[in-house]
Every structure is written in C-alpha cells, then in structure tokens.
Amino acid sequence: MKLENLNDKQIEAIENTEGPMLILAGAGSGKTRVLTTKIAYLIKEKNVDPYSILAITFTNKAANEMKERVVNILGEDTRKIQISTFHSFGLSIIKRYYKFFDLKSNFTIIDSDDSLSMIKKILKDMNYDPKEINPKTIRNTISNSKNELMLPKDLEKFISNGNYEITVKVYYEYQKRLKTNNSVDFDDLLMLPIILFKQNPDILDYYQERYRYILIDEYQDTNEVQYKLTKMLSKKYQNICVVGDPDQSIYGFRGSNYKNILNFEKDYKNVKVVLLEQNYRSTKNILNASNDIIKNNKNRKEKNLWTDNVEGEKIKYKRCEDEKDEANYVVSSIKKLMKEKVNLSDIAVLYRTNAQSRNIEEALLKNNIPYKVIGSFYFYNRKEIKDLISYLKLIYNPSDDISLERVINVPKRGIGLKTIQNIRTEANVLDDSMFNVISGGKELEFKKLILGFIDSSMELSLTELVELILDKTGIKKELELEDTIESQSRLENLEEFKSITKSFEDRYGVVSLAEFLDEISLVSDAEEYKNMTDVVTLMTVHSAKGLEFDNVFIIGLEEGIFPHSMCLNIPSEIEEERRLCYVAFTRARKKLTLLNSKRRLLYGQDNLNPQSRFISEISDEYLDKEDKTIFNYKKTIAHSNINEDEEYTLGEHVMHEKYGEGVIIGIDSKVLTIAFSHPHGIVKMIKGHNSIKKC
DNA sequence: TGATCCAGTTTTTTT
DNA sequence: AACTGGATCA
C-alpha cells in the first residue's frame, strides 16, 4: 500500500499500529485522512480483520463519511467495520444484552425533552412546586450523575441539602419510570455498557478480544464515561490510538474534559506521540489570525501550527448598524461570490446561537438564495413531527408512556386530562404501562387503533406505515380542514418526513421500524437525509466542528453573543468560548468574513454590544477593516427584480429557471411555497421574483 | 372537555 | 419577541 501525498508525521502516525498512540492534530492537518488511511493500512498491510477494528467519531455524520472513505479504499466488504459514535456503539451493546438491564428487546430511547417532561410529571406527582424546584436543574443533575457513573444510591451519599434530597428522590423515581416505559435515556447509552462490563468480566473480555484495535477521534471532547469506556476496552491489548486537538475542545458544558487528552501520556505506558502541525486547509492570513486568538488562552499547551499555503486575502471585518444590516451584508457578499461563480455549497454562515439564523434566513429568502439550516430544532422538534414519531415509537414499544401521553388525544378524540390522569394512576398502581391498563372508554378505541397499526406494521414499508398513520389517525384530515398557512406548513413538514423515510429506505433497502427509530434518535439532524446540492449552509459553530468551507462568514462577533453573556465572568468558560472561536476561524479555507452589529434586538430588548474581544486579539496586519461597500437595503430588493403585483393561486404551475416546473402549495402575504420535483423538493420563494414564471 | 386569555419566563452550545 | 403553563369560562 503506497502512502502517497502524506507528510512524514502523517506516515509515522499511520505506520505505528501497535501500542498506545496519541496524535495531536491541529486544525486542518489532515487528521481524518490519517485516520482513514490508518484503518486501511491495518487491514491491508497488517492483515487485521475489519471486524477487530473499532473507530469512534463524534458525530454520526463523521462516522458515515469515514466509513465511505474506507469503503472507497478497500471495497464493499469492509462496510461491516464498526465506525460509529460512542452513543450508537453503546446502543449496540445494550441491544445485545438488553435482558441484563431488565429491558425488552423493543426498548426505545427518550430524548432530553422527554426526560424533562418525565421529570416534570414526577415532581407534580410528588407535590413539589415547579417554581421552587427547577425541573431543568434536576434533569441536568441526573444527566451529569449518569455521566459520572453515579446511580441514585451513589448520588445519595453526596446529599448536602434539601434540594439534593429531592433530586435523589426524583432520580430514583425517574429510573423506575424509565424501566416501566421500557426505555433508556441518552446518558444510559454510555453508562449502561460500563455497568454491564463491571459486573460481567467475561462480556468485557469478549469485547476486548473482539476490538483489538481502537481508534478514537475528537478525543479532547470525551467525558468521564467515554473515557472509562475507552479505557476498559483497550486495557487488554493497548492498541489504542486517540486523535484530537486540545484547542478545539468545545463541549465542556456537556462534561467533556480536555484534560483527558492532556493526560493520555500518563494513563497509558509507552505512549507514542505524533504532532501534526502542518495545516493544509487555510491561507496564511486565516491561520495566523486563528493563532493570534488561541494564544490568549492561559490554560493551554503551546503548539505551532503552520502552513505552506498562500497568504491569501485579508480577513474582512464589518461592523454593521443592526442585525438586519448584518444579514443584508452577508447576503450581498454571497451575491458577489455568486457572480464570481462560487458554488453555494462552498459557503457557510456560522453563529454562536441557533436563534441567530433567523435574520440570515429571512435575507436569503428575500433574495431567493437557497440554503439549509443545520440543527435539530428546525425539524424534529416541530410538534407535528414529534407527534408522528411518538406514534411510531408507541407502535414499536407500546410501553412507552411518554409517547402515549403525547398522542392519545392527537388529534382531539375527547380524551381529556382527567382520563389520562386516571390511566396514569392505574398504571402506577399496577406497575404496568398505561397502554396495557387501558380497558374501556374512548381510550380503548385509541388502543385498538394502535393495535391495528402494530398489525399493519408487520407487512407495510416504513413510508407506507407513516402514510397509514397520518390517514387513519385523522392527523392529515384535521390539518387539511384547518386550511391555514400554519396547517399548510405542518402538512409540508409531514410530507418532508415521508421523503426522509423514503430516502432512508432507498439508502438501506427495506428497513425495520427499530432501525429507523434508532437512527433518528441518534441522528438528530434531518439535513443529513436531504440531498440538497448547491445551497448555502447555516449552522452553529458547534455543528461546524470537523467541517470546512472555502468561504466562511461568522456573524454576531460581539461581547455577550460571542463570547456568550453566560460566560463573560468565568475565565475557564471564556477560554472555551475562545476555543470555539478558534474552531470557527479554522473552518475557512480561502475567505473569512467577520461581522457584528452595533445594535441588536435581543429578547425583545435593544442591546448595544461592543465588538468581541476575539476581534481585538487579531493583529491588524491580517484584517481588512476598511470596507468601502456602501450597502443599501432598498437597492438590493430592486436589484432582485420583484414584481409585487403578481397574483398566484394554490395549485398553479410555475416554471423556475433552475428547478424547472413546480406546483404552488402555499401562499403567504409575501412568500410562496412551491413543490418542485426531486431532488429540489419544497422551496420557499418570494412572490413575483423574476426567476419564476407562470406557465 | 376544550378554547382562550393572561402572566410569567426565557435563550448557549448537542450526542 | 416568542413560548409556556395555568386559570377561567363556555
């Protein structure tokens, strides 16, 4: 196997396959390439069975990409190789040993929203006032405990005050309810395997024997449980290769500890350390500015990231008047790039908080520039989607009380709070699921409906099942009758969900409900299923980790936004914000544009934020502050040639210059929703734009 | 039971 | 500004 186009350090990292290895890989240093090549090298040169390799990545997306790359090098039969996130790896273990945890094989995973509503209900049942006891705090404490491997009885030992006592009580009850619901929460996916291994050395031994070669990506973002799991698995053969960059540790709020990577050399004996310090991604200007920022962190191991790339353009910095102005500046810059024939897929807009996407979205919409927003909230958190998923979960796991309560009266069936309460109490008394104790009334109708779905699910495809649910429950009919803009958009979302199940089936062949539910519980991002080709990407800096783009815009670089106001007074958190900023900067290959605004409407209030300290940390020689662009909002609208008088009707056919023929399925005061054929799908456009013609 | 209204709260980042 | 939850009334 030829190791071409790799530098000495990279080759060293690849060829040393035995024993513990630490790869300190700076941003853009070809880390993913090294990892995939190393996996290929193990299989091809060292005759390691792909079955014996375990590779852990941070996101499912990264896992899929890595798998594709390995399959590309070595062929289809390496597809069985275990490349996944910690969470899905944990799930695979629990699936295999579900009996040990007192679960049934059809257990489901509850998300953190469901955890929260479960905790709220527990507090209510225990007669605590949610104003005095914050359910979120309790959820976080429970989550943190699990990430520290503490069960209720362990937490009990730490009781120091009244609130803690309540937390412990809730924790006990929470665990009990998870069990009657036949479900696990997110943190269980990591904690349960460790409990299993601790109590069953033979099972641990099986996994140790099986996974003789372990590779962990983004090691700087591992938390305590993940650290323990890694350590247990690698103990026997010590062929553990971890990759990471302490400067890119950005998940401290979730319990990640960058010290795990700093301590790696103490944790294992005879560690081989390889430093990847050549950056292949960014221009000198971008890299130098990034270095300028990160060197302000006190708590840091000095490193020297360099590049042979061109000096490149200076980094643009624009201080705007307000957030609208900021969004319009971004859009006008994108238009300029479009004129230079830049692909939209080479452009990303990054921000600190999800809420910031809105202004950008509006501006892009007005100017008819296609985009996608990466982030879970936008899709899976919508009511109609959550309802639909709850139906699916309930069909798969009828013990899932959370899902049952969610949909038992959706659409309205005249089953009120009182009835639900009665069922809940009875279930509690009998220590059974709500579904099982239903025996009469309108509830029985509902139960029969679900039982019917369970029958149908045996012979229908996933998409057909979804269709059936929307139909038989009356969800579809209700929304159609409502016939408002709101209900239209809900219907569209449900259509989109079907296209997700469809593409899921296309991709993996016939899939079971189990597989699909697992996947969407772990892959929170609907965007991963769409193949939108040439669109601008909008996302938080956190989601951008591991990605790269030719052109990057970072918006909201203000004190209070980035760094976030919650962190301003805590030095360690400011350092994390700085690492986050470093991650944002190093996503850019060629062109980086920084923005902020003097005034910003936030939580209904006008805020005057000074420029971010991170901008002040960049040496002037890399910055271009003198932006001469005179930007006029009105001018852009005129420029995009909008004929506001154009009238439309629902169902009308139109022709788009890029997407071809489409049907109007929604009309707003200013915006049209148009369904185009695959792969474009449903697109929103401003009325009367000259790119659409009636036909 | 369900619709509506009002008051109070909230917003960091995510597998 | 937007969303939640609770209270009130039909």
Side-chain angles (χ1 to χ4, degrees), chain A residues 56-63 84-91 109-113 115-117 120-121 123-124 129-131 134-136 140 143 146-147 184-191 217-218 221-223 225-226 249-256 323 350-359 374-377 380-381 383 408-421 441-442 518-525 528 539-546 556 560-568 570 573-574 576-577 579-581 583-584 600-607:
Chain A
I56 300 283
T57 58
F58 196 71
T59 64
N60 290 285
K61 198 176 175 199
S84 61
T85 61
F86 271 113
H87 286 85
S88 43
F89 176 59
L91 176 62
I109 304 163
I110 67 167
D111 65 26
S112 56
D113 278 353
S115 295
L116 188 64
S117 56
K120 280 180 185 164
K121 273 180 205 129
L123 285 170
K124 213 173 182 182
D129 183 2
K131 272 170 203 148
N134 185 345
K136 266 192 188 155
N140 293 342
S143 172
K146 288 191 173 185
N147 279 310
V184 297
D185 68 15
F186 246 91
D187 303 307
D188 286 340
L189 296 178
L190 303 174
M191 180 181 74
D217 196 7
E218 309 281 11
D221 277 322
T222 48
N223 65 18
V225 224
Q226 294 166 337
S249 168
I250 55 174
Y251 282 92
F253 68 93
R254 210 169 76 186
S256 321
E323 72 273 5
L350 309 183
Y351 35 82
R352 176 64 178 82
T353 65
N354 280 304
Q356 288 169 264
S357 73
R358 257 184 78 162
N359 293 310
I374 307 287
S376 52
F377 182 82
Y380 288 124
N381 263 8
K383 181 185 177 297
I408 192 166
N409 203 27
V410 178
K412 303 255 178 307
R413 309 189 165 86
I415 302 173
L417 219 83
K418 201 86 193 184
T419 317
I420 294 173
Q421 215 123 44
K442 291 175 194 153
D518 284 349
E519 181 91 2
I520 59 170
S521 309
L522 296 172
V523 182
S524 54
D525 214 331
E528 285 184 30
M539 63 186 149
T540 63
V541 182
H542 280 91
S543 321
K545 184 161 100 156
I561 303 283
F562 197 177
H564 195 271
S565 55
M566 306 295 272
C567 312
L568 293 180
I570 310 156
E573 295 204 4
I574 281 290
E576 179 149 321
E577 294 286 304
R579 291 194 292 271
L580 192 57
C581 187
V583 169
R600 180 180 297 272
L601 208 55
L602 207 62
Y603 316 140
Q605 279 183 346
D606 235 348
N607 284 62

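Just so we're on the same page: letters track the sequence lines, and every chain starts at 1. Since the structure is predicted, the reported quantities are computational estimates derived from the model, not experimental observations. Note: hydrogens, waters and symmetry copies are ignored here, and every other heavy atom, side chains too, is used.
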side-chain hydrogen bond (donor to acceptor under 3.5 Å, both in side chains) involving [X] - partner list, sequence neighbours excluded:
X: A:Glu323; result: none
X: A:Ser256; result: none
X: A:Thr222; result: A:Asn260
X: A:Ser117; result: none

**Prompt:** Considering residues at least two apart in sequence or located in another chain, which fulfil the side-chain contact (heavy atoms from CB on, under 4.5 Å) criterion with A:Asp185?
**Reply:** A:Ile110, A:Ser115, A:Lys146, A:Tyr174, A:Leu178, A:Asp187, A:Asp188
**Asked** Taking only residues two or more places apart in sequence or in another chain, which ones pass side-chain contact (heavy atoms from CB on, under 4.5 Å) with A:Arg413?
**Response** A:Tyr391, A:Asn409, A:Pro411, A:Ile415, A:Phe446, A:Leu449, A:Thr473
List, with names and distances, any nitrogen or oxygen atoms from the protein found under 3.5 Å away from nitrogen or oxygen atoms belonging to nucleotides 8-10 of chain C.
none

**Asked** Just wondering, do A:His564 and B:dT12 stack (centres under 5.5 Å, planes under 30°)?
**Response** yes
**Request:** For B:dT14, take OP1 and OP2 only and decide whether either is under 4.0 Å from a side-chain N or O of A:Thr59.
**Result:** no
**Request:** Check whether any side-chain N or O of A:Thr419 sits under 4.0 Å from OP1 or OP2 of B:dT1, and answer yes or no.
**Result:** yes
At a cut-off of 3.5 Å, list every protein nitrogen or oxygen paired with a nitrogen or oxygen from nucleotides 2-10 of chain B, distance to 0.1 Å.
| unit_1 | atom_1 | unit_2 | atom_2 | d |
| --- | --- | --- | --- | --- |
| B:dG2 | OP1 | A:Gly414 | N | 3.1 |
| B:dG2 | OP2 | A:Asn409 | ND2 | 3.3 |

**Request:** Mind checking ring pair (Phe, Tyr, Trp, His ring centres under 6.0 Å) for A:His542 and listing every partner two or more places apart, or none if nothing turns up?
**Result:** A:Tyr251, A:Phe253
